[in-house]
Engineer: 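Sharing a structure with you now.
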Amino acid sequence: MTDQTLWRPTRRRFTDTFLAALAPVAACSLALGGLTTWVGAGKAGSPARITVSNGRVFLPYGNTTDTAALFDIANVGGADDRLVNVTSTATLGRITLSEHRMLGGRAAYKADVTSATVPAGGVLSMSPRGVDVTLRAGAGWRAGDLVPFTLHFARSTPVETIAVVIRPGDSGL
């Protein structure tokens, strides 16, 4: 019989093996805990869920037919979305998204924008001092009339809504 040295676990070998395995196990546990929390909060893979409320459109005054429509757009989903277009069968001409921008001092101007972000879990509240919808009013609009609109989003399905025609001073804006 030959003299063979048998492999025997030693305390040092056991400690080295344990420490080598501990790092990936701890990292996986931490990642799994974070993902479990994220899923539990309803944010994992949750698409944008858009609702539109508080639609109002200003009654034009003076000699102009240009006016603005405002909406409150809520996103209770887990992903951002963007409002990219607004259409209506009751308006004349082109409808654009625009934003009120301030220059130095008290000067301001309106700039057309291609989209408006509706953040995940947030609300886009349109106002005359921020993002709004610029349009040409239909003939014969009166305060209290209802105007149909369809809001189109980058990821969500279009949302049909109505806006009530109001006098500019009646909105509280």
Side-chain angles (χ1 to χ4, degrees), residues 34-173:
L35 288 171
T36 301
T37 302
W38 189 43
V39 168
K43 302 298 182 187
S46 171
R49 287 182 292 204
I50 302 294
T51 60
V52 179
S53 62
N54 198 24
R56 57 241 186 255
V57 60
F58 292 125
L59 185 65
Y61 58 92
N63 293 332
T64 184
T65 56
D66 291 340
T67 189
L70 310 171
F71 302 92
D72 291 337
I73 305 169
N75 179 357
V76 297
D80 291 351
D81 206 343
R82 289 179 298 113
L83 175 65
V84 295
N85 192 22
V86 178
T87 58
S88 176
T89 56
T91 62
L92 304 172
R94 188 170 156 239
I95 299 175
T96 61
L97 293 173
S98 57
E99 185 174 25
H100 178 89
R101 296 192 179 159
M102 295 298 294
L103 295 172
R106 294 180 175 246
Y109 68 99
K110 177 190 81 93
D112 288 346
V113 294
T114 57
S115 66
T117 300
V118 185
V123 176
L124 169 64
S125 291
M126 294 184 174
S127 77
R129 294 172 293 282
V131 175
D132 63 15
V133 178
T134 303
L135 60 125
R136 183 156 293 145
W141 282 4
R142 298 187 196 290
D145 287 350
L146 300 178
V147 181
F149 286 93
T150 303
L151 282 65
H152 303 268
F153 298 89
R155 294 189 176 100
S156 301
T157 58
V159 175
E160 293 181 3
T161 189
I162 57 169
V164 63
V165 177
I166 61 172
R167 294 185 198 291
D170 294 346
S171 67
L173 298 173

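Being a predicted model, the structure only gives us computed values, none of them experimental.
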Engineer: Which atom pair, heavy atoms only, marks the closest approach of R94 to D112?
Structural biologist: NH2-OD2, 4.1 Å
Engineer: Which atom names give the shortest non-hydrogen contact between R129 and H100, and what distance separates them?
Structural biologist: C-CB, 3.7 Å
Engineer: Nearest heavy-atom pair of P60 and T65: which atoms, and what distance?
Structural biologist: CG-O, 3.9 Å
Engineer: Spell out, as yes or no, whether a donor-acceptor pair under 3.5 Å connects the side chain of T96 to the backbone of S98.
Structural biologist: no
Engineer: Decide yes or no for S88 and V147: does some side-chain heavy atom of the first lie under 4.5 Å from some side-chain heavy atom of the second?
Structural biologist: yes
Engineer: Between T51 and V159, is a side-chain contact (heavy atoms from CB on, under 4.5 Å) present by the stated rule, with each step listed?
Structural biologist: CA-CA 8 Å; T51 60; V159 175; over 6 Å; no
Engineer: Tell me the closest heavy-atom pair linking L59 and A143, and the distance in Å.
Structural biologist: CD2-N, 4.2 Å
Engineer: Mind checking what makes side chain to side chain donor-acceptor pair (under 3.5 Å) contact with H152, not counting sequence neighbours?
Structural biologist: T87
Engineer: Taking only residues two or more places apart in sequence or in another chain, which ones pass salt bridge (charged side-chain N to carboxylate O under 4.0 Å, His left out) with E160?
Structural biologist: none
Engineer: Enter the distance from T114:OG1 to N85:CG here, rounded to the nearest 0.5 Å.
Structural biologist: 11.0 Å
Engineer: For T117, give me all partners under side chain to side chain donor-acceptor pair (under 3.5 Å), at least two apart in sequence or on another chain.
Structural biologist: none
Engineer: Please output the side-chain donor-acceptor pairs of residues 69-81 that fall under 3.5 Å, not counting sequence neighbours, one pair per line with the distance.
Structural biologist:
residue, atom, partner, partner atom, Å
D72, OD1, S125, OG, 3.4
D72, OD2, N54, ND2, 3.0
N75, OD1, R49, N, 3.1
N75, OD1, G77, N, 2.9
N75, ND2, A79, O, 2.8
N75, ND2, V118, O, 3.3
D80, OD1, A120, N, 2.7
D81, OD1, A154, N, 3.3
D81, OD1, R155, N, 2.9
D81, OD2, S156, N, 2.9
D81, OD2, S156, OG, 2.5

Engineer: Would you check if W141 and V57 make a side-chain contact, meaning some heavy-atom pair closer than 4.5 Å?
Structural biologist: yes
Engineer: Supply the atom-to-atom distance I166 CD1 to D145 CG, rounded to the nearest 0.5 angstrom.
Structural biologist: 12.5 Å
Engineer: Write down the atom of T67, the atom of F58, and the distance for their closest heavy-atom approach.
Structural biologist: OG1-O, 2.5 Å
Engineer: What pair of heavy atoms forms the shortest contact from A116 to V131, and how long is it?
Structural biologist: CB-CG1, 4.0 Å
Engineer: Can you name the residues that form a side-chain contact (heavy atoms from CB on, under 4.5 Å) with L146, not counting sequence neighbours?
Structural biologist: I162, V164
Engineer: Show every salt bridge (charged side-chain N to carboxylate O under 4.0 Å, His left out) that has at least one partner inside residues 58-71, sequence neighbours left out.
Structural biologist: D66-R136
Engineer: Can you find a heavy atom in the side chain of M126 that is under 4.5 Å from one in the side chain of L83?
Structural biologist: yes
